[in-house]
Amino acid sequence: GPILEVRELTFRYAARPQPAIRDLSFALEEGEMALMAGPSGCGKSTLLRALNGLIPRSYKGELRGTIRIGGHDPRAWPMARLSQQVGTLLQDPERQIVAADVLHDVAFGLENLGWPRAKILERVEEVLHALGIAHLRDRPTFQLSGGEKQRVALAGVLAMAPRILLLDEPLASLDPQSAQEALAVFRQLHREGHTILLVEHRVEDALQAGPRRVLYLEDGRLVFDGDPESFFERV
Ligand code: ADP
Ligand code: ADP
């Protein structure tokens with residue numbers, strides 16, 4: 001069955017009368033990469049919050065419908081378990097960097113899981129190498145460029161080996177050159193078999209990461225679910 005299954009998901013923030021997402025249903029198979037797009041305010045961030053547990057843990061409101069990750073209800077999991085299942089790359093890498101140097105930043109999640117030091121070091125080296133940033137290992141994080149910060153934040157997420165990777169507007173904070181490099185990394189992760197939901201309103205740019213599926217939201221509703229060619233042919 002699918003890794004991620006969302007069925008008739010509706011969420012209304014306590015402070016607003018209208019739901020931010022309405023009756024969303026879709027599923028992602030293992031290894032699939034989907035682009036979720038739509039105009040500002042259509043509900044992209046809200047869906048991500050529902051998938052990574054911030055809804056209902058931090059955002060209060062009225063939630064209906066179901067989410068299944070590997071067949072299980074993520075609401076039943078403690079946050080530590082959830083972060084091993086769903087890895088989120090935040091829109092602003094500044095908000096994701098937690099440590100003074102790269103090694104400790106990427107190690108942070110594994111330290112919280114109580115991994116032994118040698119195993120952590122091995123895993124961090126492996127992830128940094130896979131993302132082409134092994135040379136940054138001992139650098140202070142404040143010295144990194146925006147693109148490097150995002151890559152380090154991504155390393156910290158991947159170190160946890162999540163079953164699904166959520167990328168929240170990953171191009172928004174990058175200059176054109178860094179955005180091209182980021183797209184190449186996402187393409188590589190897809191080729192390696194990661195299951196990825198790429199949320200990005202810059203559709204044409206994001207398609208360079210190679211998703212074969214577009215999910216388009218308007219006003220909280222899923223109004224298109226299909227391949228990129230059909231997306232551009234729709235009226
Ligand atoms: P949020 O951070 O709430 O997810 P968005 O990422 O949707 O907000 O929007 C970020 C910026 O991009 C906003 O200034 C918005 O006006 C602009 N924007 C949103 N959608 C589009 C689009 N389809 N084309 C061009 N600009 C957009
Ligand atoms: P997007 O990420 O596509 O820009 P959002 O999920 O941020 O869309 O927003 C969907 C709707 O929910 C918008 O009308 C937005 O104003 C509203 N919204 C977003 N966050 C909150 C919040 N914390 N409290 C109340 N309303 C919110």
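Order of appearance sets the numbers: ligands from 1, and atoms from 1 within every ligand. Just the heavy atoms: all of them, side chains too, but no hydrogens, waters or symmetry mates, feed the values below.
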Quiz prompt | Subset of ligand 2 atoms that lie under 4.0 Å from at least one heavy atom of Ser45 | solution = 1 (P), 2 (O), 6 (O), 7 (O)

Exercise. Grab the two heavy atoms, one from Arg137 and one from Leu128, that are nearest each other, plus how far apart they are.
Key: CG-CD1, 3.7 Å

Quiz item: Going by the atom numbers of ligand 2, which of them fall below 4.0 Å from some non-hydrogen atom of Ala20?
Solution: 10 (C), 11 (C), 12 (O)

Quiz item: What atoms of ligand 2 come closer than 4.0 angstrom to any heavy atom of Tyr59?
Solution: 23 (N)

Quiz item: Does Arg49 have a heavy atom less than 4.0 Å from any atom of ligand 2?
Solution: yes

Quiz item: Can you list the atoms of ligand 2 that are under 4.0 Å from a heavy atom of Pro39?
Solution: 3 (O)

Quiz item: Can the positive tip of Arg234 be found less than 6.0 Å from the middle of the six-membered ring of Phe232, inside 45° of the ring normal?
Solution: no

Quiz item: Relative to the ring of Trp77, is the ring of His72 parallel (under 30°), tilted (30 to 60°) or perpendicular (over 60°)?
Solution: tilted

Quiz item: Hey, which of Glu5, Met33, Arg213 is the one that makes side chain to side chain contact (heavy atoms under 4.5 Å, CB included) with Leu28?
Solution: Arg213

Quiz item: Taking all atoms of both residues into account, what is the closest heavy-atom pair of Ala37 and Glu200, and its distance?
Solution: CB-O, 3.4 Å

Quiz item: Does ligand 2 have any atom sitting under 4.0 Å from a heavy atom of Gly38?
Solution: no

Self-check item: Pairwise side-chain contact, Leu166 with Leu89, heavy-atom cut-off 4.5 Å (strictly under)
Solution: no

Practice problem: Say whether Tyr13 and Thr46, considering side chains only, have a donor N or O and an acceptor N or O under 3.5 Å apart. | Solution: yes

Quiz item: Where does Arg16 meet ligand 2, judged by heavy-atom distances below 4.0 Å: at the side chain, the backbone, both, or neither?
Solution: side chain

Quiz item: N/O to N/O below 3.5 Å, does that happen between Ala15 and ligand 2?
Solution: no

Quiz item: Out of Ala14, Gly41, Pro19, who gets a non-hydrogen atom closest to atom 1 (P) of ligand 2?
Solution: Gly41

